[in-house]
Amino acid sequence: MYALLAAAALLLARNVYVMLLVLPDEAAQGAVYRIIFFHLPSWFTSFAAYFLAGLASALYLWKRDNRYDSLAVAATEVGTVFTAMGLVTGMIWARPVWGIWWTWDPRLTWALITWLIYAGYLMLRKATEDPSQRGKNSAVLNIFSFTAVIITYKAIDWWRTQHPGPVLSFRTGGGAIDPAMEQMIFLNWLAVMLLATVLLLLRMRMEQNQREVDALRRHLHAF
Amino acid sequence: MSFLRLSLVIAAKDLRSEFRTKEALNASLSFSVVILLLFSFAFDPTSAMTREISGGLLWLAFAFAGALILNRGFARELNNDCLDALLSSPVSAAALFLGKALASFVLLLLVEAVSLPVFGIFYNVRWSGRLGWLAAVVLLATWGITVVGTMFSALTVNLRLRELMLPALVYPMMIPALLSAMQLTTVLLAGEALAGDNLLWLRLLIGFDIIFTALSLALVETVLVG
């Protein structure tokens, strides 16, 4: 885990150096476009985390193994952190480019809804005391919640939004973005994913320890 | 008995017990009228602007009033451990869920049937010729609200803070149905035909109903039984 953390830190440092000193300003936006190198990776990471959480929840319902439950909660928490990061970086970019921090555009609105829905998942977990009930109910809620992620991802295709449309080649067929800049987005996504993995492993270990402490405490009270 | 028959028996039982006391129905009805009244203070009810947001106002009132009915969905079975008795009966959890959803659907439609004319009088709505479409939108959106609400009522039934948790969890999840209903109702109240972007909202609403009905029927057994 420390090796992962070190790798994330080194890659992040290298990326920040390249994006600030090597890559040129963007033609229309100037220097501020660089926030995309954190904005897009944050969203990809949070979507990946939510997907993992949904998968872990489904596996928990199938196998009833507590490790999947811990994975689901860890992935959801990491997802909400990176959703918050995506929202904040988006707002910082929107202020100079659009002149406003926030607009009620479908993409932005759905992103906020997604965040609220997953916050609801974390609330339900807190409110349910019985561990097996907590596991299955929150797993069901997590599967429900993933629909919001899908809508958020597709919002720029379904509605005419103020949010920029797809730029990466895998959705546009290429030509919308300079290859060096596109490569930077993916490299920084790798760095952010490494960081997210460290957070995920830490949070998962915490959850497992908490479960053990709770079990010991129940055991103690049984006598 | 077939699955559908069992659901109808459960729905009939729920409706019968509700009509005997009318506690959720009366509370929800008066709440919905109070909300419509409060909105008239927030917005000038005679201005043209209010007409543009009328669909939104109406569905907010329905969603708030609906929470009172949906909260009772599974909570009404907590007394005397009725929920455990129902689950140990030969009724499957999915049939139980469908029956409860149908009962709440009927109750919510009743509340809406009373609130809609009140809303029309208070907000000076001119009912144009699109009543068939409006009815379809009301039915689809009400089913969407009910099915998600009933599922979440099952998720939160054993919580101490049930009445607080249900609205906090369910409103964000209902947004696709509510948003579609708001957009479509506003358009239909203005007397326009459904075309272009509005068909997308209709598709979203239908898709919401299908996806969440299927998901709920598939997963409710896990929530209620284990």
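The sequence lines fix the lettering, A, B, ..., with proteins before strands; numbering per chain opens at 1. Model, not experiment: these values are computed from the prediction.
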### Message
Taking the side chain as everything from C-beta on, heavy atoms only, tell me whether B:Tyr171 gets closer than 4.5 Å to A:Leu116.
### Response
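Contact flag for B:Tyr171/A:Leu116 side chains = no.
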### Task
Answer whether the closest heavy-atom distance between the side chains of B:Pro176 and A:Trp110 falls below 4.5 Å.
yes
Using 0.5 Å steps for rounding, measure from the [atom1] atom of [X] to the [atom2] atom of [Y].
| X | Y | atom1 | atom2 | answer |
| --- | --- | --- | --- | --- |
| B:Met174 | A:Ile117 | CE | CD1 | 11.5 Å |
| A:Asp130 | B:Asn158 | CG | CG | 8.5 Å |
| B:Ile211 | A:Ile150 | CD1 | CD1 | 7.5 Å |

Return yes when atom [atom1] of [X] has more than 12 non-hydrogen atoms of other residues, nucleotides or ligands closer than 6.0 Å, and no otherwise.
| X | atom1 | result |
| --- | --- | --- |
| B:Trp201 | CH2 | yes |
| A:Lys126 | NZ | no |
| A:Arg64 | CZ | yes |
| A:Tyr33 | OH | yes |
| A:Arg67 | CZ | no |

### Message
Taking side chain as everything from C-beta outward and backbone as N, CA, C, O, which of these in B:Phe152 sits under 4.5 Å from a heavy atom of chain A? Side chain, backbone, both or neither.
### Response
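Side chain only.
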### Message
Under 4.5 Å from any heavy atom of chain A, what part of B:Leu200 do you find: side chain, backbone, both or neither?
### Response
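Contact with chain A involves the side chain of B:Leu200 alone.
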## Note on the structure
In terms of heavy-atom pairs under 4.5 Å with chain A, the winner among B:Leu179, B:Leu159, B:Val220 is B:Leu159
### Task
Determine, stepwise, if the pair B:Leu219 / A:Phe144 fulfils side chain to side chain contact (heavy atoms under 4.5 Å, CB included).
CA-CA 10 Å; B:Leu219 291 173; A:Phe144 268 75; 4.0 Å; yes
Sort [X] into side chain, backbone, both or neither according to what part of it lies under 4.5 angstrom from a heavy atom of chain B.
| X | result |
| --- | --- |
| A:Ala148 | neither |
| A:Ser145 | both |
| A:Leu124 | both |
| A:Ile151 | side chain |

Residue pair [X] / [Y]: nearest heavy atoms and the distance that separates them:
| X | Y | value |
| --- | --- | --- |
| A:Leu141 | B:Met173 | CD1-CE, 4.1 Å |
| A:Thr147 | B:Phe212 | OG1-CZ, 3.5 Å |
| A:Lys136 | B:Thr222 | CD-O, 3.1 Å |
| A:Glu129 | B:Arg160 | OE2-NH2, 3.1 Å |

